[in-house]
Protein chains: 2
Amino acid sequence: METQEITVREHILQTATRLFHDQGYNLTGINQIIDEAGVAKASLYYHFPSKEDLCEAYLHRRNNLWFEGLLSYLKEVEDPRQRIIKTFDYRAIHLKKNHWGGCSHIKIISEMPQRGEKIDRAVLLQKEKQRKFFLELTEQAEENKKKAATLAETIFLLFDGGTVQCQVYRDAAPLQAAKRAVVSLLSELK
Amino acid sequence: METQEITVREHILQTATRLFHDQGYNLTGINQIIDEAGVAKASLYYHFPSKEDLCEAYLHRRNNLWFEGLLSYLKEVEDPRQRIIKTFDYRAIHLKKNHWGGCSHIKIISEMPQRGEKIDRAVLLQKEKQRKFFLELTEQAEENKKKAATLAETIFLLFDGGTVQCQVYRDAAPLQAAKRAVVSLLSELK
DNA sequence: GTCTATATTGTGATAGAC
DNA sequence: GTCTATCACAATATAGAC
């Protein structure tokens, strides 16, 4: 039976994930990560060949954790419209818990204008996963595929707009407004 | 009569504005700014006491230029609904011209999680100016003040959502989708 | 007001012992 | 696999001459 101990690699990734999100990627140095993780610099570079590789792992981690938390939050919600609406509640709860630091993936885009392929793929992967999530739900609520697609796009725009404005204002109000707009849109369906 | 020559201060600010937006604030060093502006380091610090002061001037500059360009673009558009809709067109044109680098103010928020008061004020100033712009137009198109306020908020969310997604995808499609959603919302008014 | 030269600290990354 | 020690370079900012 394997030990339950946290591996060094995992410890580094957890520390980096916290610091990258709270302080920003460019403002977090390798030195601070190894200090707070309590490991040697060479240990970090053994597990992650470069800071960008560590960033990539950080983005995948955040993506997975967010979706796991969302599905858990929606566990007992079956109606597709309610699942969409409650996703906005979850988003607000999640952002507040992370001190209104915003979406890790959107932030990385702003921090790395000339991002490499690895980072680009990680960000687009998350965005497409979110887009698909909304699309599948609108298709359950609206038979007309074209209408469902348009609706999903609008919801996704309100979702990201609310996310960014909550980061700016450090308050849940924008996502609540976005939620009300979505409720209104969904109530128009026959 | 004063000389038309560009002052050193203005030259520094122009260079910094270009670099901050294209490369990011944290990835642009003072050294690169003075190199490309062709001035000495002490000259920069004479006009701008710190990099953060230069950042503040950069944000105000971007804010003013964007609004001047918008009002010029809307010069011959009188109908409030059309002014709202064409603002989305202008946004897409402006973002494309800036190589899909996104909104300077939203980006700074992501680059400086623990931003100082000066930066915070500059960002909120721009956001409130945009919010007020949309609100005044919806109040012209809809007499019910409460409905107009809700509509303006939704439009603003679609505006920022489209802006951020255009930055992610480096494409105008999200803002076009946002525009279609706004057209739909405005057509529902009596 | 603009310059050169420098101070101090931090960056990402690597070599080589164990 | 993890460590210590160190590399080469870039960061923001300042002192003092002119």
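Since the model is a prediction, treat every value here as computed from it, not as a measurement. Chain identifiers are assigned alphabetically (A, B, ...) following the order of the sequence lines, protein sequences preceding nucleic acid strands; residue numbering begins at 1 within each chain.
Counting to the nearest Å, the P atom of D:dT4 and the CG atom of A:Asp35 are 11 Å from each other. To the nearest angstrom, P of D:dG1 lies 12 Å from CD1 of A:Ile12. Atoms NE2 (A:His11) and P (D:dC3) sit 12 Å apart, rounded to a whole Å. Taking atom CZ of A:Arg9 as the reference point, atom P of D:dT2 lies 12 Å away to the nearest angstrom. Regarding B:Ile34, its CD1 atom lies at a distance of 15 Å from the C1' atom of C:dG1, rounded to whole Å. What separates CG of B:Leu44 from P of C:dT4 is a distance of 14 Å, to the nearest Å.
The overall bend of the helix from C:dG1-D:dC18 to C:dC18-D:dG1, read as the angle between its terminal helix axes built from five base pairs each, is 0° when rounded to 10 degrees.
Taking a cutoff of 4.0 Å between a charged side-chain nitrogen and a carboxylate oxygen, A:Glu153 and B:Arg180 qualify as a salt bridge. We find that A:Arg61 and A:Glu10 are joined by a salt bridge, their nearest charged nitrogen and carboxylate oxygen being less than 4.0 Å apart. Residues A:Lys86 and A:Asp79 are not paired through a salt bridge, judged by the lack of any N-O separation under 4.0 Å between the basic side chain and the carboxylate.
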Readout for nucleotides 5-17 of chain D: B = base within 4.0 Å of protein heavy atom, S = sugar-phosphate only, - = neither; 5' to 3' it is ------SBBBB--

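Close to C:dT2, at under 4.0 Å from its OP1 or OP2, lies no side-chain N or O of B:Tyr46. Distances shorter than 4.0 Å separate none of the side-chain N or O atoms of B:Ser43 from OP1 or OP2 on C:dG1.
B:Lys129 and B:Gln126 share no donor-acceptor pair across their side chains, judged by distance under 3.5 Å alone. Counted by atom type alone, A:Arg91 and A:Thr163 present one or more donor-acceptor pairs between their side chains at under 3.5 Å. Under 3.5 Å, the side chains of B:Ser110 and A:Gln167 contain a donor-acceptor pair of N or O atoms.
In summary, the aromatic rings of A:Trp100 and A:Tyr169 are positioned with their centroids too far apart to meet the 6.0 Å limit.
A:Phe159 does not carry A:Lys179 over the face of its six-membered ring by the limits of under 6.0 Å from the centre and within 45° of the normal.
The side-chain hydrogen bond (donor to acceptor under 3.5 Å, both in side chains) check on B:Glu36 picks up B:Arg18, B:Gln32, with sequence neighbours excluded.
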